[in-house]
Undergrad: 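Encoded as structure tokens, here's the structure I'll be asking about.
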Amino acid sequence: MLDIRALRQDGEALREALKKKGYDLDLPAFNALDARRKDADVRSQELQAQRKKTSKQVGELIKSGLDVDAAKARVAETLQEIDAQLDDEVNRAKAIQDEIRDFLMGVPNAPASDVPAGKDEDDNVEVRQWGTPRAFDFEPRDHVDVGEALAEGALDFERASKLSGARFAVMSGQLARLHRALIDFMLDLHSGEHGYQELYVPYLVGPEALRGTGQLPKFEEDLFKMQGERELYLIPTAEVPVTNLAAEEILEAETLPRRYVCHTPCFRSEAGSHGRDTRGMIRQHQFEKVELVQLVRPEDSEAALEALTGHAEAVLKALNLPYRVVILCGGDLGFSAAKTYDIEVWLPSQGRYREISSCSTFGAYQARRMQARWRNPDTGKPEPLHTLNGSGLAVGRALVAILENYQNEDGSVTVPEALRPYMRGRDCLR
RNA sequence: GGAGGGGUGGCUGAGUGGCCGAAAGCAGCGGUCUUGAAAACCGCCGACGGGCGACCGUCCGUGGGUUCGAAUCCCACCCCCUCCGCCA
């Protein structure tokens with residue numbers, strides 16, 4: 001949620017900033033709404049104050065010796081006059097406040113000033129590259145061919161679709177093991193080397209949490225919703241439960257920054273991406289991800305984004321997978337994000353880099369939505385903190401990258417050295 | 001699923017109809033003392049919204065109700081805890 005005060009004082013600047021995101025902020029509508037709210041607030045508050053004062057008089061009259069009925073009679077007329085308007089005014093004020101809240105919840109975060117202009121992913125700007133794509137002396141196969149050719153039918157989409165339809169995978173044997181090794185390796189790296197605390201969290205969350213991080217109310221169609229009396233959704237990312245840990249809390253300054261690492265499955269309906277990446281496990285309804293989340297003081301969030309992105313990159317470096325980092329242009333930025341770096345890993349079968357991590361700062365936007373605050377020692381007041389997160393990394397796509405980049409001409413796949421301790425020393429899948 | 005107990009400020013916890021936005025303690029902030037710190041003592045200290053301000057309003061799990069007046073009484077719902085049953 002944008003800061004309503006900023007919207008009042010400098011709405012034009014925010015409108016300008018949001019243009020970069022391709023969003024047209026209806027400032028006149030907001031201003032009109034806000035003016036109506038102020039009017040309704042003032043009226044209802046006056047009436048409430050009057051009523052309160054009048055009620056108090058009854059108690060005082062009784063105390064001064066009047067009997068109860070006489071005291072009540074004394075104020076009855078005044079109360080009637082007030083009551084004639086009070087309910088209507090209060091309800092009107094509430095309704096307008098709800099309207100403002102709904103309006104604000106639908107407005108995306110403003111991009112940071114250094115976000116490049118642009119319409120879609122073609123306008124993203126490369127920041128750096130790491131590693132050199134391997135030169136193959138044979139024609140590299142894609143991960144589906146590599147995986148399916150391994151012993152034990154290690155990668156199996158057909159039987160997955162028998163169970164659950166398209167966009168699911170079954171893995172078995174050493175490939176399932178490698179998949180799990182990746183998770184363990186990433187968790188160990190971030191908790192051991194980068195100062196993140198490991199978390200285990202629910203995979204089902206209520207709508208409040210999803211509103212907090214920004215998936216709701218606008219993107220319900222991207223989510224899987226449970227059937228049943230309780231309103232629960234499968235999480236699309238660990239960002240949702242982990243960031244919302246701070247919801248409605250006031251954190252003491254010395255407990256910041258908080259760095260959390262959390263492995264969860266992620267569930268996405270992929271509504272609207274029919275036909276995209278239909279082959280293989282690039283785009284699945286269910287995938288594992290190791291997520292990094294940081295809660296920081298506002299003045300630290302810029303540096304934290306650079307650090308967090310570096311932590312995600314460290315995984316690829318350790319696995320010796322070539323990648324590049326791009327900064328998303330305004331048009332490609334997510335709803336809640338102020339600034340995002342995507343990390344893209346090299347996929348030989350596609351001859352290009354594909355997203356494997358997305359590292360974002362949300363500024364105070366999510367914190368305001370979920371009322372996650374910290375106590376600023378300078379002011380003594382609770383203020384919204386800043387939230388960040390990034391994949392470190394998407395496990396399924398990391399597995400894809402390994403299968404493709406580490407494949408050998410004979411169909412085997414070399415196990416990256418960093419993962420061998422997690423594979424009981426095994427150095428090759430066949 | 002059955003029985004019982006409970007949700008109050010950053011935290012702990014008192015409060016069963018007006019004097020309660022709410023005791024007390026902890027934490028925090030300011031001060032005295034001290035070379036400095038600790039301890040001790042004194043003072044301040046809930047959140048949110050509105051107003052330049054004096055102030056005003058809302059908030060005691062949520063939503064209704066009773067009442068001139070509700071943290072306090074009634075109803076429904078949500079959540080937590082204990083015991084029993086069932087179960088991974």
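When reading the values below, keep in mind they use all heavy atoms of this one structure, side chains included, and skip hydrogens, waters and symmetry mates. Residue numbers begin at 1 in each chain, while the letters A, B, ... track the order of the sequences.
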Undergrad: When both hydrogen-bonding distances must be under 3.5 Å and the geometry is Watson-Crick or G-U wobble, what is B:U67 paired with, if anything?
TA: none
Undergrad: Measure from the side-chain heavy atoms of A:Asp41 and tell me the nearest of B:G10, B:G49, B:A47.
TA: B:G49
Undergrad: What's the closest nucleotide to the side chain of A:Arg37 if the choices are B:G49, B:U58, B:C68?
TA: B:G49
Undergrad: Considering only B:A47, B:G69, B:G57, which nucleotide approaches the side chain of A:Ser55 most closely?
TA: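 That would be B:G69.
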Undergrad: Between B:U67, B:U58, B:G49, spot the one nearest the side chain of A:Lys72, thanks.
TA: B:U67
Undergrad: Name the closest nucleotide to the A:Val58 side chain, picking from B:C48, B:C68, B:G49.
TA: B:C68
Undergrad: Report the base-pairing partner of B:G53 (Watson-Crick or G-U wobble, both distances below 3.5 angstrom), or none.
TA: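 Partner of B:G53: none found under 3.5 Å.
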Undergrad: Is the side chain of A:Glu248 donor-acceptor paired with the backbone N or O of A:Asn244 at a distance under 3.5 Å, no angle test?
TA: no
Undergrad: What nucleotide, of B:G57, B:G10, B:G18, holds the atom closest to the side chain of A:Arg375?
TA: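 Within the option list, the nearest is B:G10.
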Undergrad: Do A:Asn124 side-chain atoms and A:Cys329 backbone N/O form a donor-acceptor pair below 3.5 Å?
TA: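 A pair under 3.5 Å: yes.
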Undergrad: In plain terms, say whether A:Arg92 and A:Asp39 are close enough for a salt bridge, that is, a side-chain N and a carboxylate O under 4.0 Å apart.
TA: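 Yes.
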Undergrad: Partner of B:C87 by Watson-Crick or G-U wobble geometry, both contacts under 3.5 Å, or none?
TA: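 B:C87 is unpaired by these criteria.
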Undergrad: Among the candidates B:G10, B:C68, B:G57, find the nucleotide nearest to the side-chain atoms of A:Ile250.
TA: B:G10
Undergrad: Using a heavy-atom cut-off of under 4.0 Å over every strand shown, decide if A:Arg43 touches base, sugar-phosphate, or nothing.
TA: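 A:Arg43: no heavy atom of the nucleic acid under 4.0 Å.
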Undergrad: Name the closest nucleotide to the A:Lys52 side chain, picking from B:G49, B:C48, B:U58.
TA: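 The answer is B:U58.
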Undergrad: From the list B:C48, B:G51, B:G49, which nucleotide is the closest neighbour of the side chain of A:Lys38?
TA: B:G51
Undergrad: Are A:Arg8 and B:G50 close enough that a side-chain N or O sits under 4.0 Å from OP1 or OP2?
TA: yes
Undergrad: Would you confirm whether A:Arg37, through its side chain, and A:Gln97, through its main-chain N or O, come within 3.5 Å as a donor-acceptor pair?
TA: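 No.
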Undergrad: Just name whichever nucleotide pairs with B:A3, Watson-Crick or G-U, keeping both distances under 3.5 Å, else none.
TA: B:U82
